[in-house]
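These notes are about the structure you will find just below.
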Amino acid sequence: MAKTLVLAEKPSVGRDIARVLGCRKISRSYIEGDHYIVTWALGHLIELKMPEEYDARYKTWRMEDLPIIPDHMETRPIRKTSGQLSTIRRLAGRHDLDRLVIATDAGREGELVARWIIDKIRWKKPVLRLWISSQTDRAINEGFNQLKPSRDYDKLYQSAVCRSEADWLVGLNVSRALTTKYNDSLSAGRVQTPTLAMILKRDQEIRSFRPVPFWTIHVQAGSISADWSRDGQSRIFERKQADAIVQKLKHASAVVQSLTVKTKKERQPLPFDLTELQREANRRLGFSARKTLNVLQNLYEHHKIVTYPRTDSRYLTRDIAATMPERLKAVSSVFGAEVRPILFKQKGRVLADFVYNNAKVSDHHALIPTEQPVYLSDLSDDEEQLYRMIVIRFLALFYPERKYESRKTVLKAGDETLISHETVETQAGFREVTDPDHKANSALSAPLKEHQTLQIDSVELQEKMTEPPALLSEADLLTQMEKYGLGTPATRADIIEKLIQAESVTRTAGGRLQPTPKGKQLIDLVSPELKSPELTAKWERELEDIAKGAGNPADFMKQIRERTRQLITGIRNSSHAYKIQNLTGTKCPECGSPMKEARDRDGGLVLVCINRSCGYRKRKDPRLSNHRCPHCHKKMELHKGKAGIYFQCRNCGIVEKAEKREKAADKRETRRILSKINKDQEGFGNSLADALKSAMKDHEN
């Protein structure tokens, strides 16, 4: 009987698919059943070749060799995961397989992961595509009943290849050129450089800002509170003018010139896409974009309680409507009070019908809960907080619009204008679930009439100072990246982290993004084109056009190659100076060159020789151990102090004595031995077993 080879992107997803498909024979790198063999990648198994694999002379970085632009870009297996690729190649050679199903992530990068593997193993038989938006058993079953020909996604694959090759050509060449010219590790790229430029622009606005005093005037006339205004401006920048207005208003009377009452509606907010969720989680929870994506990915893959995370749509397709009752039942264990009236009164019907818009959903619909039951005890604190945000935004669709009345009263006191604004909420609507603790005005103040005269009771002059804009938060930066089309929802978090890792940007104590001296210099060294978000946004739009079949991959890559040549010429001919940052007084023991302080991938401090041909590195702070922090689960540093050996988390500062770890390890060993004794008790004899148990307990105590 012929079988189907299924290629997932990660082992955890592969195991779920195998279980749903009834595969029970478990091997280390695949799971087999009567009809399917499920295997997996480990993320990317294939990558673009490095320059030295085209020509050995590229092992040494030299400006005269740049730009490096291969006629045809080639791929290679990633060495550390080559064993898994060998397994897939061996499985693909079996004669009982008649087709392959791509079950990697349903997006551009997932398509690239699978297609490069399929190309490398030389698969010639039919290929189908599984395209699903959640990892529930039901979604997997339905997806396998609706498999699509892989050719339907050829354009998406071409777009992914163009993105990968463009990043290689621009990023690798520009980074090599800057590094060789200025003798420091400098990283630039198609997306990260304009992103850095936006962070730097805000920093420059703050530095050039000069505070200016201004005054506002607040008036109380009977029950009316009003503010002075002239030509729509309520700020006064001259103290003499402000004092003169105050004197005119004191003990004066005001006449109601106009009274406007409007009934307004605020419609329900749309569900989240990834970028909007990252923004909101940054504002409300202080999560970085990377943390939000990681937590969300776990809710999707492991718990299966949310739909596909890396979506760029905030709308739903019309066919989702039939699944709403089941999704509501799934979240009712957590949001029972909010869900019960929706199910009983509305039968699970969405009131915000505008959310259904097939034309605004490309690959995946908005981020919403699945039909999978939820058990909060299984979720970490971070997972629960993020899950609640997603569900609350989803439930808002089932509640009415918010309704309120606004009253604008314009009063004239001589030739001065006073304006009063009042708002009263007449129907909380969706705010019952999105903001249950909000307090709205229950009624407008007593109604006034036009031409009615009011006596001014008090006039208050307030002095204030203009304030500079704040450093960009990740929420702010994500908004700007989305506006200019920099990156995709799936890649923006990584771009921010790359800038931090390259020491071009740092996070402040408040979680905002600030350029480093290195980052400030780097922006001056690159071409104005490369740091322009408009150029990169244009490239991203062209990649999207390729994915939709409206763009030409060959034309796009021709443009990228030509632009790469221009960028390298600009760096080669540049007269900009550069000063290496973080130099120390330490000399390299190998070549005598100065050494600079840098951070490795784990965030630890290292001393690095600035002579690139030498490459000497020395660890400056403690190495990471294999012990994990009980709070953030990152590896802990191993220290030796007066009180003995101890572990400290570099991320959150938690300290644990090494003895505590050793005792825990002893207890685990004790339990293992006792378990073995229990199993073999009959063979040992009761008396011997009891004696051994007693001895082990004494050791444990």
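One is the number of the first residue; the rest follow in order along the sequence. The figures that follow rest on heavy atoms only: side chains count, while hydrogens, waters and symmetry mates do not.
Seen from the ring of Phe394, Arg327 does not count as a face-on cation partner, given the 6.0 Å and 45° thresholds. A cation-pi contact links Lys125 to Trp123, judged by a cut-off of 6.0 Å to the six-membered ring centre and 45° from its axis. Both tests do not hold together for Arg163 against Phe556: distance to the six-membered ring centre under 6.0 Å, angle to the ring axis within 45°.
A donor and an acceptor atom, one from each side chain of Asp476 and Thr479, are nowhere located under 3.5 Å apart. In this structure, a donor-acceptor pair under 3.5 Å is absent between the side chains of Thr275 and Asp273. For the residue pair Thr39 and Gln84, a side-chain donor N or O sits within less than 3.5 Å of a side-chain acceptor on the partner. No side-chain donor from either of Ser187 and Lys498 sits under 3.5 Å from a side-chain acceptor of the other.
Note: Ile88 CD1 to Ile37 CD1 = 12.0 Å, rounded to the nearest 0.5 Å. Atoms CZ and OG, on Arg76 and Ser82 in that order, are 11.5 Å from each other to the nearest 0.5 Å. If you take CG on Leu397 and CD1 on Ile368, they are separated by 8.5 Å, rounding to the nearest 0.5 Å. Interatomic distance, CD1 of Ile390 versus CG of Leu395, reported as 12.0 Å (0.5 Å rounding).
Salt-bridge annotation for Glu32 and Arg94: present, with a side-chain N of the basic residue lying under 4.0 Å from a carboxylate O of the acidic one. Here Arg492 does not pair with Glu474 in a salt bridge; the nearest charged N to carboxylate O distance is not below 4.0 Å.
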